[in-house]
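One structure below.
Order of the sequence lines sets the chain letters (A, B, ...), proteins ahead of strands, with each chain counted from 1. Note: hydrogens, waters and symmetry copies are ignored here, and every other heavy atom, side chains too, is used. Bear in mind the structure is a predicted one, so any value in this text is a computation, not a measurement.
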Amino acid sequence: MSQGGGFYATQSSPFGGSPGGGSIERTELSHSIRPLTAAQFWKATQSHTDAEWQVDGIEIGQVTIVGQVVTINRQATNCQYSIEDGTASIEARHWMETNSDDNAKWGHIEENTYVRVTGNLKAFSNRRYINAISIRPIDDPHELYFHLLECIYVTMMLKHGSPTGLGDNAQAGQNANMNSSVSAYTAQPSGRSDANPEYARLPPLQRQIIEIILQRPERHDEGVHITTIVKALDGPKAEANNISDAIDHLMDAGHIFTTSDDQHYQVSQ
Amino acid sequence: MSEDNISPRVNSSLMPKFVGQHVRLACKVLSTTDTTAKVLCSDGGEVVVKFTGGDSGISATYVEIIGKVVDPSTIQKACCINLGPELDMQLVDKTIQLIHEPKYFKNIFS
């Protein structure tokens, strides 16, 4: 996903809702979705009322929880759900939208069934709830067990880093020099993404290519030649196919363009 | 506030540890009477589920019973969630075993 910020504007609420941008600097992690148990939800902490929520010292963006709907309380402006997953009880709520058919989207949630709730963690005085972006029924009970295992997996991975020796294909070479705690659930907090935050969300190889081009003075003239880029990459580690795919993706996304011929590249800025 | 609603997922061999407490028991329904159901747990043990007359709430082969453990082989139903016609009980049992590993139970599941 490239832009998750749209949700914040539409989900604003009278309950200490979203500050609509402004003072808070949102990091990449605020765009991630973290699977949690209800018990972990209650363990989340916040250093002050405007700060990011953290679990085990790691910032969380959106959260996703699978649990049993115990009660539903439908009101004129919002709908509150009490949800239990065996580890604790939490509250989820969603705010009625006037311009859409809410019933089609939310009406099929029933009590005493399992659902997956995805949304943002909110606090209001002593109450804590999920401001739900989506609540959907669990049709296959295995999803419940998948979620429990995923909670363990993600929690352990964020604590100890990815398991090594997974035999993971082409990505392995690209990730070889990345921080070991990098995962799909965290935006990659490696030092070098700080230099060019607009490219932080790109896969490592694509980011490397951008950085190589940016470092070359000749980019302002005829552009940077493809062989220069290949040489500056990790050589044998990055295979020709991967480099060519990465360049295609960068071109498609408009991050780079060809200059004098199709072998010279420049970064769009 | 959150502590009151803990109902750990269990199999039959974990039930002795939770006598008097609420648990969640994923199981296969073997037979029912008007006030009891005999169910097969994920670890292969059989457990009796008690409920008030006619109010089993069971309408699928695989269900999750939420209730209070009366003794190591009996549970008093509080709620029943129907899980459907299929459930991989080996997966359920492995998950339950992981949940009860002390390092995970303390940090993630309670």
Side-chain angles (χ1 to χ4, degrees), chain A residues 34-44 55-58 63 65-71 82-91 110-115 123 125-130 137-160, chain B residues 1-11 14 18 21-28 42 55-67 69 77-110:
Chain A
R34 170 93 188 260
L36 288 181
T37 64
Q40 288 178 299
F41 177 90
W42 282 105
K43 286 178 185 169
V55 173
D56 295 334
I58 293 171
V63 298
I65 291 184
V66 173
Q68 169 203 359
V69 179
V70 180
T71 58
S82 167
I83 294 188
E84 287 181 20
D85 71 348
T87 69
S89 174
I90 58 158
E91 183 186 327
E110 293 171 17
E111 291 174 358
N112 280 345
T113 58
Y114 273 102
V115 295
S125 61
N126 284 327
R127 300 176 70 178
R128 209 178 259 201
Y129 63 94
I130 294 184
I138 296 289
D139 293 326
D140 183 336
H142 297 101
E143 184 171 353
L144 162 64
Y145 294 92
F146 165 78
H147 176 75
L148 296 168
L149 296 171
E150 194 184 33
C151 287
I152 299 177
Y153 175 71
V154 171
T155 302
M156 287 299 114
M157 186 175 60
L158 291 172
K159 209 170 182 176
H160 302 296
Chain B
M1 174 177 209
S2 63
E3 304 292 315
D4 310 335
N5 294 302
I6 291 190
S7 46
R9 293 190 157 74
V10 296
N11 53 25
L14 280 160
F18 292 97
Q21 297 180 44
H22 276 82
V23 295
R24 286 172 186 258
L25 182 73
C27 53
K28 182 180 187 178
S42 56
D55 179 33
S56 75
I58 294 171
S59 68
T61 310
Y62 289 97
V63 297
E64 183 172 85
I65 302 291
I66 298 125
V69 181
K77 185 205 97 163
C79 176
C80 169
I81 301 176
N82 290 291
L83 297 179
E86 282 176 39
L87 185 61
D88 181 343
M89 292 301 255
Q90 273 187 313
L91 170 76
V92 171
D93 209 57
K94 284 244 167 81
T95 309
I96 288 170
Q97 288 171 21
L98 283 173
I99 286 174
H100 289 275
E101 290 236 358
K103 60 180 173 181
Y104 297 144
F105 192 82
K106 199 165 137 261
N107 293 333
I108 303 174
F109 296 101
S110 64

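- Within the 4.5 angstrom heavy-atom criterion, only backbone atoms of A:D85 (N, CA, C, O) approach chain B.
- Ranking A:L36, A:I90, A:N112 against chain B, the residue ahead of the rest is A:N112, based on heavy-atom pairs under 4.5 Å.
- Listed here is the closest heavy atom pair of A:L148 and B:R9: CD1-CD, 3.8 Å.
- Legend: residues meeting side chain to side chain contact (heavy atoms under 4.5 Å, CB included) with B:V69, ordered by chain and number and at least two apart, are B:M15, B:F18, B:V19, B:V23.
- Within a 6.0 Å radius of CD in B:E101, more than 12 heavy atoms belonging to other residues, nucleotides or ligands are found.
- Note that CZ of B:F109 and OG1 of A:T155 are 8.0 Å apart. Values are rounded to the nearest 0.5 Å.
- Proximity of B:I66 to A:E84: side-chain heavy atoms (C-beta onward) are nowhere separated by under 4.5 Å.
- Separating the NZ atom in A:K43 from the CD1 atom in B:I108 is a distance of 8.0 Å, to the nearest 0.5 Å.
- Taking CZ of B:F105 as the start and CD1 of A:I152 as the end, the distance is 11.5 Å to the nearest 0.5 Å.
- For A:Q68 against B:R24, the heavy-atom pair with the smallest separation is OE1-NH2, 2.7 Å.
- No side-chain heavy atom of B:E64 sits under 4.5 Å from any side-chain heavy atom of A:P141.
- Between A:L149 and B:L91 there is a side-chain heavy-atom pair separated by less than 4.5 Å.
- Taking CG from B:L83 and NE2 from A:H142, the interatomic distance works out to 9.5 Å, rounded to the nearest 0.5 Å.
- The contact between A:L144 and chain B is made entirely by side chain atoms (from C-beta outward), counting heavy-atom distances below 4.5 Å.
- In terms of heavy-atom pairs under 4.5 angstrom with chain A, the leader among B:L98, B:I96, B:V92, B:I99 is B:V92.
- Residue B:N82: no heavy atom, backbone or side chain, is found under 4.5 Å from chain A.
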query = Would B:Y104 and A:M156 satisfy side-chain contact (heavy atoms from CB on, under 4.5 Å), going step by step from the backbone distance to the final call?
reply = CA-CA 9 Å; B:Y104 297 144; A:M156 287 299 114; 3.6 Å; yes
